[in-house]
K.L.:
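The structure follows.
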Amino acid sequence: MTRALHLLGSAADGGAETYFTELVTALHAGGRPTFAGIRRHAGREARLKAAGVPFEVFSFGSPLDWGTRPAIRRYARAQEAQVLVAWMNRAARHCPRGPWARVGRLGGYYDLKNYRGFDALVGNTADIRDWIIAQGWPAERAHFIPNFAEPDDHRAQSRALLDTPREAPLLLAMGRLHDAKAHDVTLNALARVSDAVLWIAGTGPLEGDLRQLAHDLGVAERVRWLGWRSDAGALYRAADLVVFPSRFEPLGNVVIQAWAYGKPVIAAEAAGPKALMRDGDDGLLVPINDPVALAEAITRLLNHPSLGRALAENGLRRAQEVSKAVVLPQWDALFDQLAGERA
């Protein structure tokens, strides 16, 4: 099997970073020779170590960081890597040339100047792949490999431990506390849905502003701020439904995760969810920046449990279309192709 080194230069907690760990550990668990190069991050290091994934920590500093690239080159040679996969721009800038193929993994519409000279680019949506080609990238070197989503082993989070009444409708919002994730829209919608409790899992620069908004809207007592959580399954299993009104979202991992846990999901019509979901079949779509429409969709599902169950059942089937068994062989095929071309 092809020996692959995955590089992540981000020290943040987010969807892309979480999926990096999930994919790398899944490839390793499947017996594929997989290695990682990451920026210092205690939680990520602990998860990779627990999974037995060999990894090295690099600085991944500014463009004037002249040490990371040769350090990665030495590590790649030591591991006899045949393919290097750069996750996002920072990793791409530090990804060294060598006897290996270089792959850029894109979860958004990134500046392709960071990937000059790479052998292939992979988008996690068909739209990102098409966009890559539209930028002038050769079509035969642009690929689409979706993200997988499969349930973890965590038990449902206790409502009592988070001061949440057992009978209260429980909404779950996942994502960084950033303007793009539109948690302000969710809070405004919550003000229109009586009795519901909202769990928000994530960290970010807008936490203070969002807490103040919850207070101003009179919903602060019905919001639980959970911070960053590595046990996503515990939250999905406890929730009644998932809300995801992002203003900008190339994919929407939260949608796929909600499907995998059999939960109904409501999302805004950002590019990713709009392309991914079938409104009224495997979830509900609402306009971007529309708390009234979001509140109406939430109320609709709470008042019609059978609709929620139908959406969740169809969503679960959609999640199975992008399971590990489907996605990992696509990476295998790409790695083998690129390694063969280099050989």
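Just so we're clear, the structure is a prediction, and the values are computed from it rather than from any experiment.
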K.L.:
Please assess Glu56 against Gln79 for the test side-chain contact (heavy atoms from CB on, under 4.5 Å), listing each intermediate value before the final yes or no.
P.N.:
CA-CA 11 Å; Glu56 190 72 39; Gln79 301 299 334; over 6 Å; no

K.L.:
Does Ala196 offer a backbone N or O that forms a donor-acceptor pair with the side chain of Arg222 under 3.5 Å?
P.N.:
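It does hold such a pair.
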
K.L.:
Determine the minimum heavy-atom distance between Gly123 and Ile128, stating which atoms define it.
P.N.:
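In terms of heavy atoms, the two residues are closest at CA-CG2, 3.8 Å.
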
K.L.:
Show the nearest heavy-atom pair for residues Thr125 and Pro250, with the distance to one decimal.
P.N.:
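Smallest heavy-atom distance, with atoms named: CG2-O, 3.4 Å.
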
K.L.:
Quick one: pull up NE2 in His178 and OG in Ser246 and give me the separation to the nearest 0.5 Å.
P.N.:
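One finds 10.5 Å between NE2 of His178 and OG of Ser246.
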
K.L.:
Got Asp184 and Arg247 here, is their nearest side-chain heavy-atom distance under 4.5 Å?
P.N.:
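In contact.
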
K.L.:
Test your reading of the model: is there a side-chain donor-acceptor pair from Lys263 to the backbone of Ala239, 3.5 Å cut-off?
P.N.:
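Yes, Lys263 side chain to Ala239 backbone: donor-acceptor pair under 3.5 Å.
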
K.L.:
Strictly distance-based, threshold 3.5 Å: is any side-chain N or O of Arg229 a donor or acceptor partner for the main-chain N or O of Ala201?
P.N.:
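Checked: no pair found.
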
K.L.:
Closest heavy-atom contact between Asn124 and Gly107?
P.N.:
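Shortest heavy-atom contact: OD1-CA, 3.6 Å.
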
K.L.:
Do you know the tightest heavy-atom contact between Ala4 and Phe335?
P.N.:
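In terms of heavy atoms, the two residues are closest at CB-CE1, 3.7 Å.
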
K.L.:
Using a 4.5 Å cut-off on heavy atoms from C-beta on, say whether the side chain of Asp13 contacts that of His41.
P.N.:
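Result yes, sub-4.5 Å side-chain heavy-atom pair found.
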
K.L.:
Ignoring hydrogens and angles, tell me if any N or O in the side chain of Arg69 forms a donor-acceptor pair with the backbone of Arg93 under 3.5 Å.
P.N.:
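Pair found, side chain donor or acceptor close to backbone of Arg93.
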
K.L.:
Got a second to check how far Thr186's OG1 is from Leu172's CG, nearest 0.5 Å?
P.N.:
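One finds 10.0 Å between OG1 of Thr186 and CG of Leu172.
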
K.L.:
Rounded at 0.5 Å granularity, tell me how far CD1 in Ile288 sits from CD in Glu249.
P.N.:
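It is 10.5 Å, given to the nearest 0.5 Å.
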
K.L.:
Anything under 30° is parallel, anything over 60° is perpendicular, the rest tilted; go ahead and classify Trp331 against His6.
P.N.:
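Aromatic pair Trp331/His6 classed perpendicular.
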
K.L.:
Using 0.5 Å steps for rounding, measure from the CG atom of Asp130 to the CZ atom of Phe144.
P.N.:
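Reported to 0.5 Å precision, the distance equals 9.5 Å.
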
K.L.:
Give the cluster check for Trp199 versus Val242: same hydrophobic cluster or not, with ILVMFWY residues linked at side-chain heavy-atom distances below 4.5 Å.
P.N.:
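Same cluster.
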
K.L.:
Can you tell me if Asp231 uses its side chain to pair, donor with acceptor, with the backbone of Ala234 under 3.5 Å?
P.N.:
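Side chain of Asp231 to backbone of Ala234, a donor-acceptor pair under 3.5 Å: no, none is there.
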
K.L.:
For the side chain of His183 and the backbone of Ala173, is there at least one donor-acceptor N/O pair under 3.5 Å apart?
P.N.:
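Answer holds: no.
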
K.L.:
Return the minimal non-hydrogen interatomic distance between Phe244 and Pro273, and the atom names on each side.
P.N.:
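Minimum heavy-atom contact is CE2-CG, 4.2 Å.
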
K.L.:
Please evaluate residues Glu207 and Arg211 with respect to the criterion salt bridge (charged side-chain N to carboxylate O under 4.0 Å, His left out), reporting the C-alpha separation (whole Å), side-chain torsions for both, the decisive distance (0.1 Å), and the verdict.
P.N.:
CA-CA 6 Å; Glu207 181 170 351; Arg211 284 180 177 268; 3.0 Å; yes

K.L.:
Any heavy-atom pair between the side chains of Trp259 and Met277 that's under 4.5 Å?
P.N.:
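Sidechains of Trp259 and Met277: in contact.
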
K.L.:
For the OH atom of Tyr261 and the CD1 atom of Ile256, what is their distance to the nearest 0.5 Å?
P.N.:
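Rounded to the nearest 0.5 Å, the OH-CD1 separation comes to 13.0 Å.
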
K.L.:
Is there side-chain contact between Met174 and Lys181, with at least one heavy-atom pair below 4.5 Å?
P.N.:
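A side-chain contact is absent here, since even the closest heavy-atom pair is not under 4.5 Å.
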
K.L.:
Counting heavy atoms not belonging to Asn303, are there more than 12 under 6.0 Å from its CG?
P.N.:
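Above 12, so yes.
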
K.L.:
Check Gly37 against Phe58 and note the closest heavy-atom contact, atom names and distance.
P.N.:
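Closest approach of Gly37 to Phe58, heavy atoms only: CA-CE1, 3.7 Å.
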
K.L.:
Is Arg159 salt-bridged to Asp240, cutoff N-O under 4.0 Å?
P.N.:
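Salt bridge present between Arg159 and Asp240.
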
K.L.:
Could you walk me through whether Asp152 and Arg237 pass the salt bridge (charged side-chain N to carboxylate O under 4.0 Å, His left out) test, one step at a time?
P.N.:
CA-CA 10 Å; Asp152 61 29; Arg237 288 189 171 94; 3.2 Å; yes

K.L.:
Applying side-chain contact (heavy atoms from CB on, under 4.5 Å) to Arg141 and Leu338, what does each step give before you reach the verdict?
P.N.:
CA-CA 10 Å; Arg141 294 197 290 122; Leu338 294 173; over 6 Å; no

K.L.:
Would you say the side-chain atoms of Arg224 pair up with the backbone N or O of Glu221, donor to acceptor, closer than 3.5 Å?
P.N.:
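Indeed, once roles are kept as given, a pair shorter than 3.5 Å links the two residues.
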
K.L.:
Start with the C-alpha distance between Val103 and Asp119, add both sets of side-chain angles, then the distance that settles side-chain contact (heavy atoms from CB on, under 4.5 Å), and finish with yes or no.
P.N.:
CA-CA 6 Å; Val103 179; Asp119 297 270; 5.7 Å; no

K.L.:
Can a donor-acceptor pair be found, under 3.5 Å and without considering hydrogens, that links the side chain of Arg318 to the backbone of Leu276?
P.N.:
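Looks like yes, one N/O pair under 3.5 Å.
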
K.L.:
Report the C-alpha distance between Ile38 and Val57 in whole Å, list the side-chain angles of each, state the deciding distance to 0.1 Å, and finish with yes or no for side-chain contact (heavy atoms from CB on, under 4.5 Å).
P.N.:
CA-CA 5 Å; Ile38 63 172; Val57 174; 4.3 Å; yes

K.L.:
Indicate, with yes or no, if Leu112 and Phe118 share a hydrophobic cluster defined by side-chain heavy-atom contacts under 4.5 Å among Ile, Leu, Val, Met, Phe, Trp and Tyr.
P.N.:
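Result: yes, single cluster for both.
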
K.L.:
With heavy-atom distances below 4.5 Å as the criterion, would you say the side chains of Arg105 and Tyr19 are in contact?
P.N.:
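The answer is yes, as the side chains (C-beta and beyond) meet within the 4.5 Å cut-off.
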
K.L.:
So, Glu296 and Arg192, do they make that salt bridge, N to O below 4.0 Å?
P.N.:
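Salt bridge absent between Glu296 and Arg192.
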
K.L.:
Do Val327 and Ile145 have side-chain heavy atoms sitting under 4.5 Å apart?
P.N.:
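A side-chain contact under 4.5 Å exists here.
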
K.L.:
Is the CG atom of Asp111 crowded by more than 12 outside heavy atoms at less than 6.0 Å?
P.N.:
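More than 12 heavy atoms, drawn from other residues, nucleotides or ligands, come within 6.0 Å of this atom.
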
K.L.:
If the plane angle is over 60° it's perpendicular, under 30° parallel, otherwise tilted; pick one for Tyr115 and Tyr110.
P.N.:
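Correct class here is parallel.
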
K.L.:
Establish whether Trp100 and Ile72 are linked, either directly or via other cluster members, by ILVMFWY side-chain heavy-atom contacts under 4.5 Å.
P.N.:
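Linked, Trp100 and Ile72 end up in one cluster.
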
K.L.:
Is it the case that atom CZ in Arg342 sees more than 12 heavy atoms from other parts of the structure closer than 6.0 Å?
P.N.:
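Yes, enclosed.
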
K.L.:
Could you check if a side-chain atom of His94 sits within less than 4.5 angstrom of a side-chain atom of Leu7, using non-hydrogen atoms only?
P.N.:
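His94 vs Leu7: side chains apart.
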
K.L.:
Is a side-chain donor or acceptor of Asn114 paired with a backbone partner of Asn89 at a separation under 3.5 angstrom?
P.N.:
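Not a single qualifying donor-acceptor pair exists.
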
K.L.:
For Glu17 and Ser10, indicate whether the former's side chain and the latter's backbone hold a donor-acceptor pair under 3.5 Å.
P.N.:
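Not at all, since once roles are kept as given, no pair shorter than 3.5 Å links the two residues.
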
K.L.:
Hydrophobic clusters here meaning ILVMFWY residues chained together by side-chain heavy-atom distances under 4.5 Å, can you tell me if Val265 and Leu301 are in one?
P.N.:
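Cluster IDs for Val265 and Leu301 differ.
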
K.L.:
Roughly how far, to the nearest 0.5 Å, is CZ of Phe20 from CG of Leu8?
P.N.:
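If I round to the nearest 0.5 Å, the distance is 5.0 Å.
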
K.L.:
For a 4.5 angstrom cut-off between non-hydrogen side-chain atoms, does Leu328 reach Leu23?
P.N.:
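Touching, per the 4.5 Å side-chain cut-off.
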
K.L.:
Examine Leu241 and Ile200 and state if one hydrophobic cluster contains both, with Ile, Leu, Val, Met, Phe, Trp and Tyr joined whenever side-chain heavy atoms are less than 4.5 Å apart.
P.N.:
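Both belong to a single hydrophobic cluster.
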
K.L.:
Does atom CD of Glu140 have more than 12 heavy-atom neighbours from other groups under 6.0 Å away?
P.N.:
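Counting neighbours around CD of Glu140, more than 12 heavy atoms of other residues, nucleotides or ligands fall under 6.0 Å, so yes.
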
